[in-house]
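Notes for the one structure printed next.
All ligand and atom numbering here is 1-based and tracks the order in the structure. Only heavy atoms go into these numbers, but all of them, side chains included; no hydrogens, no water, no symmetry mates.
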Amino acid sequence: MIGIQDDTHNFQTRTARFVLALCLLLLVLAGSACPRNDKGPGPRVGVSEQPAETKTPVSGATAFNGERAMDHVRKQMDFGPRVAGSAQLGKTRDYIISTFRDSGIKIITDEFNAATPIGDRKMVNITGEISGESKDVIIISSHYDTKLFTNMQFVGANDPGASVATLLEIGRVLGANQQKPKFTYWLVFFDGEEAFCEGWDQCGKPDAPDNTYGSRRYVTQLRNSNELGRIRALILLDMMGYKNLELGRDDMSTRWLQDIVWRTAHDLGYGKYFVDRPEGVGDDDHEPFLRAGIDALDLIQLSGYPYWHRADDTADKVSPQSMKIVGDVVLGSVPRIEQYLESKGR
Ligand SMILES: [Zn+2]
């Protein structure tokens with residue numbers, strides 16, 4: 001799937017031989033039955049139980065390059081503040097599109113008009129498509145706009161510079177794979193996640209929030225084109241590049257998806273960065289998807305990021321290592337997510 005298949009296969013073969021040898025030994029010693037190498041009647045999801053699917057071995061070395069991701073962060077810093085509807089966000093959009101085109105990824109854009117508290121704004125969602133054997137879709141996503149501030153220069157290195165950069169680099173790795181993936185991947189950049197008013201809920205009405213413009217539009221479009229059912233899972237990246245990385249469990253997110261990602265982080269030796277404390281996020285771009293019945297996970301460090309929505313959310317707060325950790329974990333989780341979804345059926 002992600003350029004690690006040969007290693008994984010060898011590992012699986014070695015592991016299978018080892019398990020077989022161990023079973024034969026146990027049979028001789030105790031006459032006990034060995035576990036079968038199948039998944040049984042279906043996935044079990046629980047807080048204390050590890051889903052069987054997460055036992056798929058993972059390799060720690062993916063082709064994700066933290067320095068390349070850091071270059072993408074610096075490029076966004078060069079553009080300056082990147083508020084929805086601004087020329088600077090237009091430059092960011094061109095950069096995202098040309099970076100994905102270089103990786104051979106098909107681009108779909110959706111331009112729309114959003115009514116905001118400061119008037120109508122043009123917004124554009126960007127989707128990079130890597131088509132798979134199945135039309136079923138796994139979305140990996142980030143917002144790409146920065147929050148509007150009139151009293152300071154806000155460049156958002158971590159919010160959302162790092163998640164945009166990480167998604168671009170994940171796209172490069174997935175796009176470089178010669179083998180067609182099992183599922184279709186949509187790498188989505190949402191416009192207009194940030195509120196125009198200072199507070200998240202300050203200016204919105206229940207039926208027209210002043211935030212998540214792009215993700216709400218995305219779900220509406222999927223519903224209108226009868227494609228909502230194609231989306232099997234969504235992973236959202238948001239503020240995950242802090243040099244002192246520590247991601248808690250967002251309490252809105254779908255548990256089985258979160259468990260697979262946390263287990264993968266642990267298996268890759270990144271367990272200390274994916275901790276078991278709850279992360280209260282409130283809404284984010286995954287919320288419209290959850291509301292539409294789509295399983296979704298937000299990877300976000302909100303409470304533990306001291307520079308959130310501050311002028312010093314600058315490139316020195318973000319590290320190539322943190323982006324690589326998250327990139328490796330997402331790429332390592334993908335085969336396990338596919339396996340879980342396949343075993344679950346529809
Ligand atoms: Zn923000």
Side-chain angles (χ1 to χ4, degrees), residues 69 72-73 76-77 79-86 88-89 92-93 96 114 116-118 121 123-126 140-168 188-204 209-218 234-248 250-253 279-290 296-318 322-323 326:
H72 295 318
V73 172
Q76 292 171 85
M77 299 301 92
F79 295 141
R82 305 174 301 286
V83 177
S86 68
Q88 291 85 346
L89 194 65
T92 312
R93 186 158 52 242
I96 289 170
T116 81
I118 59 165
R121 288 272 159 141
M123 296 192 190
V124 184
N125 288 330
I126 310 164
I140 311 172
S141 57
S142 165
H143 75 92
Y144 73 105
D145 61 305
T146 56
K147 182 166 173 57
L148 169 69
F149 287 98
T150 50
N151 57 345
M152 65 169 172
Q153 169 94 349
F154 178 74
V155 291
N158 194 29
D159 181 17
S163 52
V164 167
T166 301
L167 189 52
L168 285 172
V188 179
F189 297 85
F190 297 116
D191 205 338
E193 185 262 357
E194 300 285 6
F196 285 89
C197 291
E198 198 176 336
W200 180 259
D201 285 327
Q202 188 182 333
C203 298
D210 171 35
N211 54 53
T212 60
Y213 292 93
S215 51
R216 286 184 291 114
R217 159 80 179 189
Y218 210 93
L234 174 137
I235 296 175
L236 176 66
L237 310 177
D238 194 3
M239 298 173 61
M240 36 43 67
Y242 184 30
K243 59 186 177 182
N244 301 325
L245 181 67
E246 191 196 272
L247 296 163
D250 158 45
D251 43 22
M252 284 176 76
S253 293
E279 178 75 86
V281 176
D283 295 343
D284 202 347
D285 281 323
H286 62 328
E287 196 266 353
F289 289 85
L290 286 167
L297 167 68
D298 194 4
L299 293 176
I300 182 166
Q301 179 172 5
L302 180 59
S303 56
Y305 186 58
Y307 310 100
W308 176 61
H309 289 181
R310 285 176 40 170
D312 46 4
D313 180 5
T314 43
D316 55 310
K317 311 305 185 306
V318 170
S322 296
M323 291 186 283
V326 174

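Between F190 and Y218, the ring planes lie perpendicular to each other; the angle is over 60°, past the 30° to 60° tilted range.
Nearest N, O or S atom of E194 to the Zn ion (ligand 1): atom OE2. D159 contributes atom OD2 as its closest N/O/S atom to the Zn ion (ligand 1).
R93 and Y144 form a side-chain donor-acceptor contact under 3.5 Å, judged by distance and modelled atom types alone. For the residue pair S215 / E193, no side-chain donor-acceptor distance below 3.5 Å is found, with atom types taken as modelled.
Taking backbone and side-chain atoms together, H143 has no N/O/S atom less than 2.8 Å away from the Zn ion (ligand 1).
Considering only residues two or more places apart in sequence or on other chains, D145 meets the side-chain hydrogen bond (donor to acceptor under 3.5 Å, both in side chains) condition with H143.
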